[in-house]
*Asks:* 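What follows is a structure written as structure tokens; I'll ask about it next.
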Amino acid sequence: MASGSRSPVPEDSDRTMSPGGRGEEVVSALRRDLAAAETLKSSASPVRSVVASSRPVKGKAGREAARRRLQLLPASQAEDPGEGAAEEEEEPLPSVPEEEEEEEEAAAEEERAEAQPLPPVCVSPMRGMWREEKVALFCDEVLRGCKAEDADETMSNYLSEKLKLKDKWLGVWKTNPELFFLKYEEASIPFVGILVEATCTPRQSSSSCFRVTVSVAEPFSSNIANIPRNLVNEVLEELEHSVPLLEVYPVEGQDSDIHDIALALEVVRFFYDFLWRDWDDEERCDNYTALIEERINLVHGPFFPRILRRRKGKRDFGKTITHIVAKVMTTDMVKDLSSDTFLQQHDDLDLALDSCYSGDTVVIFPGEYQAVNLALLTDDIIIKGVGKREEIMITSEPSHDSFVVSKAANVKLMHLSLIQQGTVDGIVVVEAGHMTLENCVLKCEGTGVCVLTGASLTIKDSEIIGAQGAGVELYPGSTATLERNEIHHCNNFRTNDSSKSILGGVNMKVLPAPKLKMTNNHIYNNGYGVSILPPTEQFFIVAETCNKGAASGDKKDQNRLSKVMQNLNLEMNDNKMEANLKGDIRIATN
């Protein structure tokens, strides 16, 4: 099943696309097309050498590489190759005939040759599309009224039809550097790109069109000049030359059919990156295309672009690590942890977050911290302070748009103070999955906590203060549970701006309605206590409520108000609302 919180390609896709015949005539044509792309060299992707620890080449290829290295060493070094080379040799080296030696020297020379720059990939026309164009493309042309549970099959059909236009083409395979390097700096190698020849065959199952057969194309080209070619070949062999299709980007200089394929790939990437939710195929939705339109509206809003960092998942060896964030670590800090806990100490919160895998815990001791990686939460982790929450202060970086942004299935923040300074987005944005805030203080400067379509939020025993907009903003189709919180002094300024005057401590944007459960909260000194807003407004109903949340208002609007409340999934129990400048509950209907 595809997921918006991980790589857009389904991880359980079957490897059913087998290599077909080489088709020399087609390959030659592709090579001529690539030559034509040389005219675009000025816009080619940069190529650079990097300092990184390549993973060792295994098997016969590894032994042959070691053998070639020994033959090319000076005699003094060849006599004593050292432990590293000795470990690579599994058997004594036989004598090598002169012709074979020349061939191996030529192969070694080819291996030492640096990769050529990557040719430019097709520019996505989606970058310049207006919102209405995207709605027409996804809702009218691609999905065509399909149900949520049929979305995967519909996208697969759409893509497989486009792939029939051309069975072989050149593309850049952009993949995770972890396939090639043991150690590297993420900032210096965001991805490894290799020029490949893609071979498409008719799909054998509903998911098979999400994989494609590839081989290294000539000339050998990469965004990393010194990447070993034999390492690339071995990685592809281990993958059976089958890679996720959405990781392959067609290059410029080929025919118009390739541009159609490139657009189709971008459409599918955009769908799984921004519009799909993990639970879409499990929930019944009367009008799925209407929900997709709402999500398209979101990604044209203030929160675009959304998180693009991929989920790391679990560590290979299956263990989780507790990361201690403090200038120094003492035994007293870890006395309550079990003896089998794996520990790692950091003096920088950013480094701790960058080291996390799914299941890890970050423990923060008193101090003041900043961390841009809080805006890139894609794995299920717990971040908690030790001590008084007021003494564990995390401030936003004013030069960045976002502060805390989560797209993980389950993230938990506990015993912290979040202090917003200069960021544009909400103090916390839940883009997908679920986030829990427990015993936290959120000192807002702009918008408060925003829960986007399809995401969910739980806030317990926390305080939200000072938001210029709503303290908690619920987008259509989101879910929130608020228990024992204080939400105050949000949007409580007097203004003639009607767009601001409608906001409250908690905002709900309906159609489709979000789900909200509020219990034992104290909501005071805001603009409104709770505002319920449809997408468009023609007139307003302002209702005052008692602390149980029962609305009362003008009698002539009772029927309309009652109908709105019946359609809402809203549960309010034992909340105390007082001193809200414009009223405790406001419901806008159309």
Side-chain angles (χ1 to χ4, degrees), residues 1-5 8 124-159 162 246 263-308 407 425-426 429-433 450-456 473-480 499 502 507-516 531-538 564 567-569 588-590:
M1 181 179 69
S3 167
S5 62
S124 169
M126 288 190 64
R127 294 177 184 270
M129 281 188 181
W130 295 96
R131 185 198 68 84
E132 293 80 5
E133 292 177 298
K134 280 198 179 82
V135 170
L137 175 61
F138 283 95
C139 298
D140 300 335
E141 181 180 338
V142 180
L143 295 174
R144 297 181 180 179
C146 81
K147 296 180 180 179
E149 59 266 30
D150 298 328
D152 264 338
E153 178 70 18
T154 300
M155 298 306 293
S156 182
N157 289 336
Y158 166 78
L159 191 53
K162 297 297 182 181
L246 298 186
L263 173 59
L265 291 171
E266 284 300 315
V267 167
V268 178
R269 288 188 194 106
F270 189 90
F271 177 78
Y272 286 117
D273 280 342
F274 303 121
L275 307 180
W276 172 263
R277 302 291 183 270
D278 284 350
W279 48 85
D280 276 6
D281 57 359
E282 299 171 2
E283 293 188 3
R284 296 292 178 263
C285 181
D286 293 335
N287 192 342
Y288 186 57
T289 51
L291 184 60
I292 291 299
E293 182 172 354
E294 287 287 349
R295 292 174 183 172
I296 291 173
N297 292 339
L298 269 180
V299 296
H300 276 265
F303 305 110
F304 185 80
R306 296 158 70 113
I307 292 179
L308 297 179
K407 198 177 180 180
D425 287 355
V429 179
V430 190
E431 293 192 342
C450 299
V451 191
L452 304 192
T453 301
S456 61
E473 182 101 16
L474 303 182
Y475 277 71
S478 61
T479 303
S499 65
I502 61 176
N507 271 15
M508 299 176 66
K509 296 182 177 181
V510 301
L511 297 180
K515 300 175 183 178
L516 175 61
S531 291
I532 301 171
L533 313 174
T536 58
E537 302 167 14
Q538 296 178 356
V564 170
N567 291 333
L568 291 176
N569 196 327
T589 63
N590 49 5

*Asks:* Of all heavy-atom pairs between Cys450 and Gly426, which one has the smallest distance, and what is that distance?
*Replies:*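 In terms of heavy atoms, the two residues are closest at SG-CA, 4.2 Å.
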*Asks:* Measure the CD-CG distance between Glu293 and Leu143 for me, rounded to the nearest 0.5 Å.
*Replies:*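 Interatomic distance, Glu293 CD to Leu143 CG, rounded to 0.5 Å: 11.5 Å.
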*Asks:* Mind telling me whether Phe271 and Phe138 have parallel, tilted or perpendicular rings, with 30° and 60° as the class edges?
*Replies:*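 Rings of Phe138 and Phe271: parallel, as their planes differ by under 30°.
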*Asks:* At what distance, to the nearest 0.5 angstrom, does CD of Glu473 lie from CG of Asn507?
*Replies:*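 Going from CD on Glu473 over to CG on Asn507, the span is 4.5 Å.
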*Asks:* Please assess Met155 against Val267 for the test side-chain contact (heavy atoms from CB on, under 4.5 Å), listing each intermediate value before the final yes or no.
*Replies:* CA-CA 9 Å; Met155 298 306 293; Val267 167; 4.3 Å; yes
*Asks:* What is the minimum heavy-atom distance between Tyr288 and Cys146, and which atoms define it?
*Replies:*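 Taking Tyr288 first and Cys146 second, the nearest heavy atoms are CB-O, 3.5 Å.
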*Asks:* Return the CG to CD distance between Leu246 and Glu266, rounded to the nearest 0.5 Å.
*Replies:*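 With rounding to 0.5 Å, CG (Leu246) is 9.0 Å from CD (Glu266).
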*Asks:* Within a strict 4.5 Å, meaning less than it, do heavy atoms of the Leu275 and Ile296 side chains meet?
*Replies:*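 Of all side-chain heavy-atom pairs linking Ile296 with Leu275, at least one is under 4.5 Å.
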*Asks:* Please report the closest heavy-atom contact between Ala480 and Leu474, naming both atoms and the distance.
*Replies:*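 Result for this residue pair: CB-CD2, 3.6 Å.
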*Asks:* Rounded to the nearest 0.5 Å, how far does OG1 of Thr154 lie from CZ of Arg144?
*Replies:*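 So the gap between those two atoms works out to 10.0 Å.
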*Asks:* Nearest heavy-atom pair of Ala264 and Tyr158: which atoms, and what distance?
*Replies:*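 Shortest heavy-atom separation between Ala264 and Tyr158 comes out as CA-OH, 3.6 Å.
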*Asks:* If you define the side chain from C-beta out and look only at heavy atoms, does anything of Val268 sit under 4.5 Å from Trp276?
*Replies:*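 Of all side-chain heavy-atom pairs linking Trp276 with Val268, none is under 4.5 Å.
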*Asks:* Where is the tightest heavy-atom contact between Ile292 and Cys139, given as atom of each residue plus distance?
*Replies:*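 Taking Ile292 first and Cys139 second, the nearest heavy atoms are CG2-SG, 4.3 Å.
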